[in-house]
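The structure displayed is predicted, hence computed values, not measured ones. Residue numbers begin at 1 in each chain, while the letters A, B, ... track the order of the sequences.
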2 protein chains.
Amino acid sequence: MTDEPSNKPFPTPLKIRGRAHARPRHPPAGDGRDADFCQTCAFADVCLAVGYGMTELNALHCLVEHVGPFRSGEYVFRDGDPFRSIFAVRAGTVKTSSVDHTGREQVLGFHLPGEVIGLNAIYPDRFPCNAITLEKTQCCRFSFPKISALATQMPAVQRHLFRMLSKEIGTAGSLAGDHSADARVAAFLADLSERYAARGLPGSRFHLSMSRADIANYLRLASETVSRVLTRFRSIGLIDIVERELVLRDPPRLRDIGQDLLRG
Amino acid sequence: MTDEPSNKPFPTPLKIRGRAHARPRHPPAGDGRDADFCQTCAFADVCLAVGYGMTELNALHCLVEHVGPFRSGEYVFRDGDPFRSIFAVRAGTVKTSSVDHTGREQVLGFHLPGEVIGLNAIYPDRFPCNAITLEKTQCCRFSFPKISALATQMPAVQRHLFRMLSKEIGTAGSLAGDHSADARVAAFLADLSERYAARGLPGSRFHLSMSRADIANYLRLASETVSRVLTRFRSIGLIDIVERELVLRDPPRLRDIGQDLLRG
DNA sequence: GCAGCCACTTGATCCACGTCAACGGCCGCG
DNA sequence: CGCGGCCGTTGACGTGGATCAAGTGGCTGC
């Protein structure tokens, strides 16, 4: 989620420039723990980018609502629900999935802390998928009408929404290619790793909160195939895995194996 | 249904051999033919929605630039180009594709008159793919900074951009499933049909401006497989096809075969 | 007219992965 | 304690579609 270097107006845009307004970044809203969550949040860039204007910051913090905690297996929203809000994962993991006409589940994605879900509901004006928690999970809810209205007043918010939407177009298509099972699994692990790392969490050692069946469904493989690939990856020293605890032993090689899926 | 040759934006394209363009490449918007094009344009909803305010309408018409005509095989933009504008196809067909690390082309989509391309470039701030014309083609170019600025003043424009972006998230993922070759080809034909029909063009009889190889690449099949499926579809009366002229003889059945890919 | 090329079709073979099946570990429950 | 359900692993086998190969027809250039 960090900005790529191509469009920097200034060398280090994420640092808070011009320290004229040396004020607390987070207004009175909320307890101390909010700050920690927001550091890893998908909207952190916006909050930092507009740090010079307290009114905008307050506006964002005023319209966010905390929902949860959900226990594992609960719905954040359901396929067909009318679209009113987008959500950011605060803590935990959320799986999005739809059900095809034969009743089989189709896993669309896994969403980690700091990531936003529900953007694909804007067009149909209904959620086109279920969002199901895979462990104890908390979310932030943003009323879409409100954040849209805010976006008309705060170009940084509008720009951020455009960018998140655009990014998701790219990621949604990445699984479409015809790639080997090895490439799919490797790319999956490397992608998870990078996304954890991007939020400041350890990227080479983490817990898989989803089942093998969910992984397989997401990657459009049979769960047996995922199992076989994982054991082979372990046997050649690419990873260590016991149960759902994963250690990446050779991330560059992993990324290499999955590289055609990882372009973004 | 009978065909309506007069509705075709162009007759079947002949190879136009090297001829310099005598007229300016970027004619100013505003001639009488605009009205026809704009009826089928992706922005028509916006223009109609805000039709009560001439100022907004003028704003949109002021910022649009016409580019082309391109001959078959020309680039509207290239992978890696800095992102400054989005494009709408006015007439013709555009193929978007990227090239993977082994040098093989990956077709991402085909874009018909009235459809918008380039939205996936907002996030990386560079075009993540090539856009190549498949026949004589004209486009509209919208400066993204300008249309963004306009969106802050015209909620209808902002809303429309959000919706187009959101819609593309859904379509980008539709090929990701593991579907049979039959389902893929059927869905491809049914989708093309619906998109032509949505713009007022005949949906059950049209010209395939892309090669079998392009179709196969897009559907992640071998071109031989596409060929076989098409001949089988013809043999069972689903379609008629000679060269690239296609007639859908049983659209409902076609949609049924491809239905898991067509959700959206 | 002929050679070369490209798009498309059709047939023959191969293989990566799906499917089916069996098994073991873990957990909650009666 | 024994039982059943779920999750994950591993083996045996079948198949859909890729790959390889050959042939046709149309178009281009010489």
Side-chain angles (χ1 to χ4, degrees), chain A residues 71-73 95 102 104-107 132 134-135 175-189 207-235 239-246 257-258 260-261, chain B residues 12-18 72-73 95 102 104-107 134-135 175-188 207-235 239-246 257-258 260-261:
Chain A
R71 282 164 304 164
S72 180
K95 167 181 80 172
T102 68
R104 282 191 317 240
E105 181 182 25
Q106 300 262 322
V107 176
I132 304 170
L134 294 178
E135 56 187 323
L175 277 169
D178 65 327
H179 304 288
S180 70
D182 282 20
R184 283 172 191 267
V185 174
F188 172 71
L189 299 179
H207 177 80
L208 294 172
S209 47
M210 68 295 286
S211 70
R212 300 288 193 276
D214 279 341
I215 298 173
N217 188 317
Y218 172 64
L219 297 177
R220 313 315 179 196
L221 298 170
S223 68
E224 294 93 329
T225 303
V226 171
S227 198
R228 278 184 255 266
V229 172
L230 287 178
T231 55
R232 186 152 35 78
F233 280 1
R234 184 177 44 189
S235 76
I239 60 171
D240 270 355
I241 185 169
V242 285
E243 307 281 315
R244 295 184 181 184
E245 293 302 322
L246 180 70
I257 294 173
D260 350 351
L261 305 215
Chain B
T12 306
L14 301 172
K15 269 293 168 69
I16 302 172
R17 283 184 284 153
S72 181
K95 167 181 79 172
T102 68
R104 283 191 318 239
E105 181 181 24
Q106 301 262 320
V107 175
L134 295 178
E135 55 188 323
L175 277 169
D178 65 326
H179 304 289
S180 70
D182 282 21
R184 284 171 191 267
V185 174
F188 172 71
H207 177 81
L208 295 173
S209 47
M210 67 295 288
S211 70
R212 302 287 192 276
D214 278 340
I215 297 172
N217 187 318
Y218 172 64
L219 297 176
R220 312 316 179 196
L221 298 170
S223 67
E224 293 93 330
T225 303
V226 171
S227 197
R228 277 184 254 268
V229 173
L230 286 177
T231 55
R232 186 152 34 78
F233 280 1
R234 184 177 46 189
S235 76
I239 60 172
D240 270 355
I241 185 168
V242 285
E243 308 280 316
R244 296 185 180 183
E245 293 302 323
L246 179 72
I257 294 173
D260 348 355
L261 305 216

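Residues A:Gln106 and A:Arg220 meet the side-chain proximity criterion, which asks for heavy atoms closer than 4.5 Å. At least one side-chain heavy atom of B:Arg184 sits less than 4.5 Å from a side-chain heavy atom of B:Leu175.
Separating the CG atom in B:Asp178 from the CG atom in A:Leu219 is a distance of 11.5 Å, to the nearest 0.5 Å.
A straight line from CD1 of B:Ile215 to C1' of D:dG17 spans 17 Å, rounded to a whole angstrom. Separating the CZ atom of B:Arg184 from the P atom of D:dG16 is a distance of 15 Å, rounded to the nearest angstrom. In this entry the distance linking CG of B:Asp182 with C1' of D:dG17 reads 11 Å, nearest Å. Protein atom CZ of A:Arg220 is 19 Å distant from nucleotide atom C1' of D:dG16, rounded to whole Å. Put simply, NE2 on B:His179 is 15 Å from C1' on D:dG16, counting in whole angstrom units. Going from atom CG of B:Leu221 over to atom C1' of C:dC8 covers 16 Å, rounded to whole Å. What separates CG of B:Asp214 from P of C:dA7 is a distance of 9 Å, to the nearest Å.
Side chain of A:Asp260 to main chain of A:His179: no donor-acceptor pair is present (N/O by atom type, distance under 3.5 Å, no hydrogens or angles). At least one donor-acceptor pair under 3.5 Å links the side chain of B:Ser235 to the backbone N or O of B:Arg232.
Taking the charged nitrogens against the carboxylate oxygens, B:Arg244 and B:Glu135 have no contact shorter than 4.0 Å, which rules out a salt bridge.
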Contacts under 3.5 Å, N or O only, protein and nucleotides 7-10 of chain D:
residue	atom	partner	partner atom	Å
D:dG8	OP1	A:Arg244	NE	3.0
D:dG8	OP1	A:Arg244	NH2	3.2
D:dG8	OP2	A:Arg212	N	2.9
D:dT9	OP1	A:Arg212	NH2	3.4
D:dT9	OP2	A:Arg212	NE	3.0
D:dT9	OP2	A:Ser227	OG	2.5
D:dT9	O5'	A:Ser227	OG	3.0
D:dT10	OP2	A:Thr231	OG1	3.4

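Within the nucleic acid shown, B:Ala222 comes within 4.0 Å of at least one base atom, counting heavy atoms only.
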